[in-house]
Amino acid sequence: MRYDHQAVEAKWQARWEADDAFATPTDRTRPKYYVLDMFPYPSGSGLHVGHPKGYVATDVVARAKRMMGFNVLRVMGWDSFGLPAERQADREGKHPREITKRNIATFKGQLARLGLSYDWSRELATSDERYYRWTQWIFLKLYEQGLAYQADVPVNWCPALGTVLSNEEVKDGKYVETGDPVERRNMKQWMFKITVYGDRLLEDLEDLDWPEGIKQMQREWIGRSEGAHIRFDVDGHDERIEVFTTRPDTLFGCTYVVLAPEHELVDQITTDAQRAAVAEYRTAVGAMSERDRTTQAADAPKTGVATGAWAVNPVNGEKIPIWIADYVLAGYGTGAVFACPAHDERDYAFAKTFELPIREVVSGGDVAAAAYTGDGAHVNSSFMDGLHIDDAKKAVIAWLEEHDAGAGTVQYRLRDWLFSRQRYWGEPFPLVHTEDGEVVTVPEDQLPVRLPELDAYKPTADGRPPLARAEDWVQTTTPDGRPAVRETNTMPQWAGSCWYYLRFISPTSDEFAWDPDEERYWMPVDLYVGGAEHAVLHLLYARFWHKVLYDCGLVNTKEPFQRLFNQGMIHAMSFNDSPDGRGKFYYPSQVEETAQGSGEWRVKETGEPVFTKVMKMSKSRYNVTNPDDMCRDHGADAMRLYEMFMGPLEDGAMWEDSGVAGTRRFLEKAWRLVVDNPKLVDGPIANPDVERALHSAIRKVTKSVETLRFNTAISEMMIFVNAATKAKAISREWMSAFVRILAPFAPHVAEELWETLGQHEALVSAAWPEWDEEKLKVAAITYAVQVNGKMRGTIDMPVDAAKDAVIGAAKALESVSRLLDGKTIRREIFVPKRLVNIVAN
RNA sequence: GGGGGCGUGGCGGAAUUGGUAGACGCGCUCGAUUCAAAAUCGAGUGGCAUAGCCGUGAGGGUUCGAGUCCCUCCGCCCCUACCA
């Protein structure tokens, strides 16, 4: 019987469904394993082969863990609120719900074909009202904790979309999805005080089993820095300017103060003589797009203008000029800095530009030539003279605190989280506003606050969010009967993904968001796999919510995701008529190589040359491979195997269809060992080499379930299959063990072979085979023989051969004795079971 | 500018962590099978001036021995960007 992958896959997928094979176990006596994929946004374009790479990896782990006796929670859902569906709905004149439903069906169908062992009874979608009811409930928890507030903040306003975008959705002053321009505008928005949790978000990273790079990115994002607030009196005013600095020790080197152009004191302190210049500068800066202000490098020319006002340095009473400059950011620290040009590169550049004085206060550099930021003894610094940076900081902070001129403080780069969007397709806030401006929460038993039906999803003519169109919905009352209007902003897409891992625990309950007992059993997530693009935001937001829930006593772990793993992206060759990849892309079918192996390509139709470049697989680059095609041509099993075989899971790798053909051949070979093979026998067979290959494969695959190094595990399985193919006789017992370690990777073929071997127990819960150290032992060791560090041959010796015997045998080699002839042996290196090296001259 | 990662055959990648570089797979070559092709099977496959020499981006160092450790340089990728 031939290996007909389509028949085999259809058969076993139907069987699994009929048997409910991947239902989450309910007994609580066994150890648990919660393995989770970062759930996708179901886009309209469907999946390419890059998307399921992480899902295949987690499926291998899930299937293996089940066989190892764990209760496995393995689930999939949809991050289904979001702007693209809303925009698509607008284009098609349909409801976003319809678009979302359609996209989910496409995604689910594609995933189903891969034989991924999800418990589909736990499927969830964040846009489902039975789900977002609880998202609103969690919002209330945060609100009750005093973590939500409204603020008039500068936001990324996209006029074309009529909505506010989050910082991460804006790049180079444009919306990343559509390229529409984005501008800054002050608007009243809901904010979360994530900064309150800054220290804990930072500290608790320590105990997580996450890639070091991701932890580092989170640390930098939080950006904790210790320093001091220092207050400067403004000469002739009652106002004081507060600055933040990490180098209070350089205070005696301060020769001017700089405010952000937006700083609130600018208007008050600017002198009449400077008023026009200041106004002009502020207008110029205000006209610059966010892009212009943020893409400037640190070494960009410095601009600024003096206010004409003077500040008083608290430590020495010196009067120093107050400037404004755009290199001081309004949003960080206090929006004001004191400048010590001698020991800060930006201040130095600024002082040089405007010929401001530079005063050395830390010795060790040449401040006439450049800013010196290194350590050294302080000079010109009164009570700090002679101290190095650390001690000088302590001394000056003590002085400032004593004289009520400042204090030591900690500053975060992390900002509070802008949590509202002017969109339709998101969670409504469970809040109403009374006529006198009071914000009242919607009681828990009245959740969910459902999205109203609208006839259009655009903002209103007067610029209010789409929900404002639902007049009847907006007009409501408070629980105590006062008239009120509903909040018309919706939550950002991050909301749903902040807690979905908890909902999977009790996905269908209308009684609670999750069952506390079940939560105690399943949490934390043991393995969380997804792309590195979520390194900061999703993971930080989810950790924040989780910590709030922890503080409310609603979850029992401090952190949601114990182990995190980032799978690498899949790349593919792309063809573009511009060498930098910015021109027109062509499909592989539209181009041809000018001569085989030439590496030069042209467009078939026009003969125009095209440039090849390996790029991330994406629809816009015309270089995607559809998993459905792979399943049809080579089978889901071959594709799964190839994705795991391409290279280390964390690395990017280039997709090649021929690679799938290779893993398919491997499956064919395995098939032939079991199906209609006359060499397959019942009794035990003594064949140490094949047995060693088998046990080596068992060991490697078993370990790979922890290390996720599947590429080498698969290669060990290939070695076994090659060895078994060459053997004169094959034991049924070997194949039974082999099929079980193959099962997580290629589950459909494995099921078929398992059945063919006459096994009746379900393979998905069959016992995982164990390797036998005895079987891994070899009878003889091949020693490498070196003379003066160069390879001169090998010798086979018994495992327990003594040093002298091995060295004797090495010297007896003709290739060795020839070289030793007439020389004196200086040293003999012997590495047991590895090599001998004879040093002679 | 800062931070992180990486450089190994024609290609993807292995290498017990300082001990036979190139496992396994792709591709390629030859052979078997076939009227022929595909598929399949078998053999081979780092380079070269082939008793040997050279080879892990380049150069230096440590060592009996370096892909692996240390310095200098070159190149590529990712993240970040005036954060005081």
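Chain A is the first sequence line, chain B the second, and so forth, proteins listed ahead of strands; every chain is numbered from 1.
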Novice: Can you check whether A:Arg415 reaches A:Tyr332 side chain to side chain, under 4.5 Å on heavy atoms?
Specialist: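 The answer is yes, as the side chains (C-beta and beyond) meet within the 4.5 Å cut-off.
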
Novice: Separation of A:Phe710 atom CZ from B:rA14 atom P, in whole Å?
Specialist: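 About 14 Å, once rounded to whole Å.
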
Novice: If you take the centroid of each ring, where Trp contributes its six-membered ring, are A:Trp655 and A:Tyr642 closer together than 6.0 Å?
Specialist: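 Between A:Tyr642 and A:Trp655, the centre distance is under 6.0 Å.
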
Novice: Is there a residue in residues 408-416 of chain A whose heavy atoms reach under 4.0 Å of RNA chain B, and which residues are they?
Specialist: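 The stretch gives A:Arg413, A:Arg415 as the residues lying under 4.0 Å from the strand, ordered by number.
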
Novice: Atom CD1 of A:Ile570 to atom P of B:rC77: distance rounded to whole Å?
Specialist: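 Going from CD1 in A:Ile570 over to P in B:rC77 covers 20 Å.
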
Novice: Whole-Å distance between B:rG1 C1' and A:Tyr348 OH?
Specialist: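 Distance check: A:Tyr348 OH to B:rG1 C1' gives 18 Å.
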
Novice: Scan for salt bridge (Lys or Arg N to Asp or Glu O under 4.0 Å) pairs involving residues 646-659 of chain A, sequence neighbours excluded, and state none if there are none.
Specialist: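 Sorted result for residues 646-659 of chain A: empty, none.
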
Novice: Flag the pair A:Phe666 / A:Leu742 as yes when at least one side-chain heavy-atom distance between them is below 4.5 Å, and no otherwise.
Specialist: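 In short, these two side chains touch, coming nearer than 4.5 Å.
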
Novice: Would you give a per-nucleotide map of nucleotides 61-68 of chain B, 5' to 3', where B means the base has a protein non-hydrogen atom under 4.0 Å away, S means only the sugar-phosphate does, and - means neither?
Specialist: ---B----

Novice: Take the protein atom CH2 of A:Trp655 and the nucleotide atom C1' of B:rG13, then report the distance between them rounded to whole Å.
Specialist: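 The answer, rounded to whole Å, is 16 Å.
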
Novice: Under 4.0 Å, counting only non-hydrogen atoms across every strand here, what does A:Arg699 touch: a base, just sugar-phosphate, or nothing?
Specialist: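 Touches nothing.
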
Novice: Please figure out whether A:Ala661 or A:Ser815 has its closest RNA chain B nucleotide nearer the 5' end.
Specialist: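 The residue closer to the strand's 5' end, by nearest nucleotide, is A:Ala661.
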
Novice: Quick one: list whatever passes side chain to side chain contact (heavy atoms under 4.5 Å, CB included) with A:Asn788, sequence neighbours left out.
Specialist: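 With neighbours one apart ignored, the set is A:Val839.
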
Novice: How far, in whole Å, is B:rG60 from B:rA66 if one measures between their P atoms?
Specialist: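 It works out to 14 Å between them.
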
Novice: For the C1' atoms, the ones on B:rC79 and on B:rU45, what distance do you get once it is rounded to whole angstrom?
Specialist: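 Those two atoms are separated by 41 Å.
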
Novice: Would you measure the distance from the P atom in B:rU8 across to the matching atom in B:rG4 and give it in whole Å?
Specialist: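 One P to the other, the span is 22 Å.
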
Novice: How far does the C1' atom of B:rG1 sit from the matching atom of B:rC71, given to the nearest Å?
Specialist: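 About 24 Å, rounded to a whole number of Å.
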
Novice: I'd like the C1' distance from B:rG12 over to B:rG22, given in whole Å.
Specialist: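 About 13 Å, rounded to a whole number of Å.
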
Novice: Where do N or O atoms of nucleotides 6-12 of chain B meet protein N or O atoms at under 3.5 Å, pair by pair?
Specialist:
| residue | atom | partner | partner atom | Å |
| --- | --- | --- | --- | --- |
| B:rG12 | O2' | A:Met646 | O | 2.6 |

Novice: Contact class for A:Thr663 (heavy atom, under 4.0 Å): base, sugar-phosphate, or nothing?
Specialist: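 Nothing, no heavy atom under 4.0 Å.
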
Novice: So do A:Asp821 and A:Arg818 actually touch side chain to side chain, heavy atoms under 4.5 Å?
Specialist: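 When only atoms from C-beta onward are counted, A:Asp821 and A:Arg818 do not touch, as no gap falls below 4.5 Å.
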
Novice: Answer with base, sugar-phosphate or nothing: what part of the nucleic acid does A:Asp347 contact at a heavy-atom distance below 4.0 Å?
Specialist: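 Touches nothing.
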
Novice: Counting just side-chain N and O atoms, does A:Arg219 come under 4.0 Å of either OP1 or OP2 of B:rG4?
Specialist: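 It does not, given that no N or O in the side chain of A:Arg219 lies less than 4.0 Å from OP1 or OP2 of B:rG4.
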
Novice: In whole Å, what is the span from the CZ atom of A:Arg664 to the C1' atom of B:rC26?
Specialist: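 My rounded result for the distance is 17 Å.
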
Novice: Below 4.0 angstrom from OP1 or OP2 of B:rA14, is there any side-chain N or O of A:Asn711?
Specialist: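 It does, given that an N or O in the side chain of A:Asn711 lies less than 4.0 Å from OP1 or OP2 of B:rA14.
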
Novice: B:rA39 P sits how many Å from A:Trp671 CH2, rounded?
Specialist: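 Rounded to whole Å, this separation is 20 Å.
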
Novice: Side chains of residues 245-253 of chain A: which donor-acceptor partners sit under 3.5 Å, not counting sequence neighbours?
Specialist:
| residue | atom | partner | partner atom | Å |
| --- | --- | --- | --- | --- |
| A:Thr245 | OG1 | A:Arg247 | N | 2.9 |
| A:Arg247 | NE | A:Asp249 | OD1 | 3.0 |
| A:Arg247 | NE | A:Asp249 | OD2 | 3.4 |
| A:Arg247 | NH2 | A:Asp249 | OD2 | 3.1 |
| A:Asp249 | OD2 | A:His378 | NE2 | 2.8 |
| A:Thr250 | OG1 | A:Arg247 | O | 2.8 |

Novice: Less than 4.0 angstrom between a side-chain N/O of A:Arg665 and OP1 or OP2 of B:rG27, yes or no?
Specialist: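 Result: yes.
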
Novice: When all nucleic acid strands are considered with a 4.0 Å heavy-atom cut-off, which category describes A:Ile719: base, sugar-phosphate, or nothing?
Specialist: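 Here A:Ile719 touches the backbone only, sparing every base.
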
Novice: Can you name the residues that form a side chain to side chain donor-acceptor pair (under 3.5 Å) with A:Lys775, not counting sequence neighbours?
Specialist: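 A:Glu691.
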
Novice: Rounded to whole Å, how long is the line connecting atom NE2 of A:His534 with atom P of B:rC79?
Specialist: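 About 13 Å, once rounded to whole Å.
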
Novice: Please work out if A:Glu220 contacts a base, only the sugar-phosphate, or nothing of the nucleic acid, heavy-atom cut-off 4.0 Å.
Specialist: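 If one applies the 4.0 Å heavy-atom cut-off, A:Glu220 turns out to touch the sugar-phosphate alone, with no base involved.
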
Novice: Hey, is the side chain of A:Lys790 poking within less than 4.0 Å of OP1 or OP2 on B:rC54, counting only N and O atoms?
Specialist: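 Checking A:Lys790 against B:rC54: at least one side-chain N or O falls below 4.0 Å of OP1 or OP2.
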
Novice: Whole Å only: how far is the CD1 atom of A:Ile714 from the C1' atom of B:rA14?
Specialist: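 Between C1' of B:rA14 and CD1 of A:Ile714: 14 Å.
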
Novice: Taking the P atom of each, how far is B:rG9 from B:rG5, in whole Å?
Specialist: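 Result for the P pair: 23 Å, nearest Å.
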
Novice: Please work out if A:Thr794 contacts a base, only the sugar-phosphate, or nothing of the nucleic acid, heavy-atom cut-off 4.0 Å.
Specialist: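 Contact class for A:Thr794: base.
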
Novice: Would you mind telling me which residue lines up with the more 5' stretch of RNA chain B, A:Glu716 or A:Ala336, judged by nearest nucleotide?
Specialist: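 Closest to the 5' end, via its nearest nucleotide, is A:Glu716.
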
Novice: List in chain and number order the residues that pass ring pair (Phe, Tyr, Trp, His ring centres under 6.0 Å) with A:Phe354, two or more places apart in sequence or in another chain; answer none if no residue qualifies.
Specialist: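 Checked A:Phe354 against ring pair (Phe, Tyr, Trp, His ring centres under 6.0 Å); matches are A:Trp323, A:Phe350.
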
Novice: Under 4.0 Å, heavy atoms only, any strand: does A:Gly333 hit a base, just the sugar-phosphate, or nothing?
Specialist: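 A:Gly333: no heavy atom of the nucleic acid under 4.0 Å.
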
Novice: With sequence neighbours left out, which residue pairs that include part of residues 531-540 of chain A fulfil the side-chain hydrogen bond (donor to acceptor under 3.5 Å, both in side chains) condition?
Specialist: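 Passing the test, one end in residues 531-540 of chain A: A:Tyr528-A:His538.
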
Novice: Can a salt bridge be assigned to the pair A:Glu773 and A:Lys777 using a cut-off of 4.0 Å between side-chain N and carboxylate O?
Specialist: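 No, A:Glu773 and A:Lys777 are not salt-bridged.
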
Novice: May I have the step-by-step check of ring pair (Phe, Tyr, Trp, His ring centres under 6.0 Å) for A:Phe720 and A:Phe738, ending in yes or no?
Specialist: CA-CA 9 Å; A:Phe720 164 73; A:Phe738 170 73; 5.1 Å; yes

Novice: Any side-chain hydrogen bond (donor to acceptor under 3.5 Å, both in side chains) involving residues 790-799 of chain A? Give me the pairs, sequence neighbours left out, ordered by first then second residue.
Specialist: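 Non-adjacent pairs meeting side-chain hydrogen bond (donor to acceptor under 3.5 Å, both in side chains): A:Thr782-A:Asp796.
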
Novice: How does RNA chain B look in dot-bracket form if you count Watson-Crick and G-U pairs under 3.5 Å, write [ ] for pairs that cross, and put | where a base pairs with another strand?
Specialist: (((((((..(((......[....)))((((((.......))))))(((...)))..(((((..]....))))))))))))....

Novice: Identify which nucleotide among B:rA84, B:rG27, B:rU20 has an atom closest to any side-chain atom of A:Ser658, counting heavy atoms from C-beta outward.
Specialist: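 The listed nucleotide nearest to A:Ser658's side chain is B:rG27.
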
Novice: Taking the cut-offs as 6.0 angstrom to the six-membered ring centre and 45 degrees off its axis, would you call A:Lys833 and A:Tyr783 a cation-pi pair?
Specialist: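 No - A:Lys833 does not lie over the ring of A:Tyr783 by the 6.0 Å and 45° rule.
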
Novice: How should the glycosidic conformation of B:rG22 be described, syn or anti, under the criterion that syn lies within 90° of 0?
Specialist: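 Judged by the O4'-C1' to base torsion, B:rG22 sits in anti, the angle falling more than 90° away from 0.
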
Novice: Could you tell me whether B:rU20 is syn or anti, where syn means a glycosidic angle within 90 degrees of zero?
Specialist: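 B:rU20: anti.
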
Novice: Would A:Arg231 and A:Glu242 pass as an ion pair if we require N to O under 4.0 Å?
Specialist: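 Salt bridge present between A:Arg231 and A:Glu242.
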
Novice: So, using salt bridge (charged side-chain N to carboxylate O under 4.0 Å, His left out) as the criterion, who are the partners of A:Arg219 when residues are at least two apart?
Specialist: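 With neighbours one apart ignored, the set is A:Glu206, A:Glu212.
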
Novice: Scan A:Arg709 against the nucleic acid and name what it touches under 4.0 Å (heavy atoms): base, sugar-phosphate only, or nothing.
Specialist: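 Counting heavy atoms under 4.0 Å across all strands, the contact made by A:Arg709 is with sugar-phosphate only.
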
Novice: Which value, in whole Å, describes the distance between the P atoms of nucleotides B:rC54 and B:rA37?
Specialist: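 It comes out at 44 Å once rounded to the nearest Å.
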
Novice: Using side-chain heavy atoms (C-beta onward) and a distance below 4.5 Å, is A:Asp344 in contact with A:Thr373?
Specialist: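 They are not in contact (no side-chain heavy atoms under 4.5 Å apart), so the answer is no.
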
